[in-house]
Each structure stands twice: as structure tokens, then as C-alpha cells.
Asker: 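My questions will all concern the structure given below.
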Amino acid sequence: MIFNILTLFPEIFKGYLESSIIGRAATKGFITVNLVNIRDYALDKHRSCDDYTYGGGAGMVLKPEPLAGALNAVGVAPGRSESGQGKRCIYLTPSGSLLDQKKVEGLAEEKELVLICGRYEGVDQRILDSYVTDELSVGDYVLSGGEVAAMVVLDSVSRLLAGVIQSDSLKEESFRMDLLEYPQYTRPVEFKGKRVPEVLLSGDHAKIACWRLKKSLARTFNVRPELLMRRSNSREEIELIEKIIDEMNEEGEANG
Ligand code: ADE
């Protein structure tokens with residue numbers, strides 16, 4: 001898959017792209033990352049890419065011409081968003097719709113993506129109107145630019161591509177996707193007086209699976225209850241949730 005990343009700060013990506021899973025995916029050719037410096041397409045001698053906002057107000061706006069040049073260089077022409085054809089062209093912005101695993105799976109079906117990293121107060125609206133197919137946010141907080149958000153998209157999409165990580169891990173993950181992870185332990189069995197839960201040492205796979213499911217449900221219930229509300233829980237899961245609630249009530253009573 002090809003990722004075209006349009007940014008004013010391509011150097012931010014270097015270490016990340018050379019390390020770990022993403023580095024390996026690039027070396028093995030599962031992904032190609034094309035970093036495009038928007039400044040290379042600035043038109044004036046100062047290579048300026050930002051300007052004051054019309055109507056007044058604090059902050060600067062990314063000028064349309066350098067961005068249009070960078071988009072043209074990666075084969076994106078104006079009008080794509082209206083025709084619904086061509087490459088998905090994504091603008092990373094806190095004003096976008098929230099990225100979740102379902103959206104990531106959709107993006108992983110594409111052959112090529114264009115990611116525009118905003119800076120300052122944002123980009124000229126005419127670029128969004130003419131070129132951008134998706135506006136995505138990676139969370140309800142404001143980053144100093146779209147680069148970290150672009151890395152989130154790159155990472156979450158790449159790991160779903162064939163060959164990038166073991167398909168067993170993905171299967172397990174998608175099965176449990178709408179629940180939070182159960183706790184994980186590795187050696188030693190005892191660390192600073194705390195032992196690994198005995199059930200994990202028992203070798204009883206059914207018991208271990210039940211323990212993990214219960215831990216996942218309890219964590220989701222406590223931290224992200226809305227996830228439990230919107231998934232269809234099995235009979236076994238509902239019984240476990242009832243047990244978790246009973247145990248929490250008992251604990252509450254015991255603690256006065
Ligand atoms: N740029 C700044 N903040 C962002 C966010 N939360 N998501 C995507 N892009 C951003």
C-alpha cells in the first residue's frame with residue numbers, strides 16, 4: 001500500500017518509519033511511504049506556506065497554492081471528492097470524524113492513501129472542498145499538527161495489511177475488538193511480591209479463556225461502559241457481567 005504524506009515537517013517521520021513493525025513493513029515492501037514536503041511547492045522566494053486568516057483572528061492558515069502543488073505531485077486533481085473516484089485524500093484535523101477500528105479497516109482496503117498534515121489554524125477551505133475526501137480526527141484533543149495523527153493512521157492501517165503482523169494476533173484482536181484487553185503477564189512468576197494469577201499457570205485452556213473474558217468485561221465495564229452497551233453480548237458474557245457487578249457490590253459493602 002502506498003501512503004503519500006503531505007507535511008511541512010517530513011523529518012518528524014524518519015525515526016518512526018525506520019523502526020519496529022512499520023520499518024519492517026517498509027523494508028519488505030508491504031508499504032511504501034512517500035513523504036512530500038509541502039514547502040517544496042511554495043511559489044514565492046521565501047517559500048512561505050502560511051498567511052493571515054481572512055476576516056481577522058489569531059493564527060495563520062496554510063495557503064492553498066503549495067498544498068495544491070503537493071497534491072498534484074501525488075496525482076490528486078481537484079474535484080476528486082465530488083466524483084467519489086480516485087485516491088482517498090485525508091485531512092487530519094481535530095474537526096474531523098473520529099477514527100476508530102472500523103474506519104481503519106475501511107482504509108486498509110485502499111491501494112493508496114494521501115494524508116494531509118495540517119499546521120497552524122488549519123488549511124484554506126477551498127483545498128478541503130476541492131481535493132479532500134475524508135476529514136479525520138484521532139481524538140478529542142488538539143495536537144500541534146497533523147503529523148502525529150498521520151502516524152496513527154499509517155500505523156493502524158499498515159498492521160492490518162497482509163504479511164505485516166501475524167494473522168493470529170489480528171484474528172484474536174478483531175474477535176475482542178469491542179472489549180478492552182485482559183491483563184497480560186510474563187516471567188518471572190513472582191515480581192516484587194506479586195504473583196502471576198494461578199489460573200494462568202494451570203494449563204487449563206478453557207478456564208484461562210473464561211478468566212480472560214471476565215477480566216476484559218470487567219475492565220470494559222469500569223472504563224468504557226458504552227462499549228458494552230452497543231455490542232451484542234452473549235449469554236455467557238451477560239452472566240459474567242452480572243457476576244462482576246455482584247462482586248463489585250460485595251466489595252463495596254465490605255469496605256463500608
Ligand atoms: N491535528 C491536530 N489535532 C488533531 C487531532 N486530534 N486529530 C487529527 N489531526 C489533528
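Atoms within a ligand are numbered from 1 in the order they appear, just like the ligands themselves. The first residue in the sequence is number 1, and the count goes up from there.
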Asker: Tell me the residues surrounding ligand 1, counting only those with a heavy atom closer than 4.0 angstrom, sorted by chain and number.
Answerer: Leu92, Thr93, Pro94, Leu136, Ser137, Val138, Gly139, Tyr141, Val142, Leu143, Gly145, Ala149

Asker: Answer with yes or no whether the side chains of Thr93 and Glu135 bring together a donor and an acceptor at under 3.5 Å.
Answerer: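 There is no such pair between these side chains.
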
Asker: Do other residues, nucleotides or ligands put more than 12 heavy atoms under 6.0 Å from Arg219 CZ?
Answerer: no

Asker: I need the full list of salt bridge (charged side-chain N to carboxylate O under 4.0 Å, His left out) pairs touching residues 2-24, with sequence neighbours left out, sorted by first then second residue.
Answerer: none

Asker: Quick one: side-chain hydrogen bond (donor to acceptor under 3.5 Å, both in side chains) pairs with a partner in residues 51-75, sequence neighbours left out?
Answerer: none

Asker: Please output the side-chain donor-acceptor pairs of residues 149-156 that fall under 3.5 Å, not counting sequence neighbours, one pair per line with the distance.
Answerer:
| unit_1 | atom_1 | unit_2 | atom_2 | d |
| --- | --- | --- | --- | --- |
| Asp155 | OD2 | Tyr16 | OH | 2.3 |
| Ser156 | OG | Val152 | O | 2.7 |
| Ser156 | OG | Val153 | O | 3.3 |

Asker: Is the count of non-hydrogen atoms from other residues, nucleotides or ligands lying under 6.0 Å from Gln166 atom CD greater than 12?
Answerer: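 12 or below, so no.
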
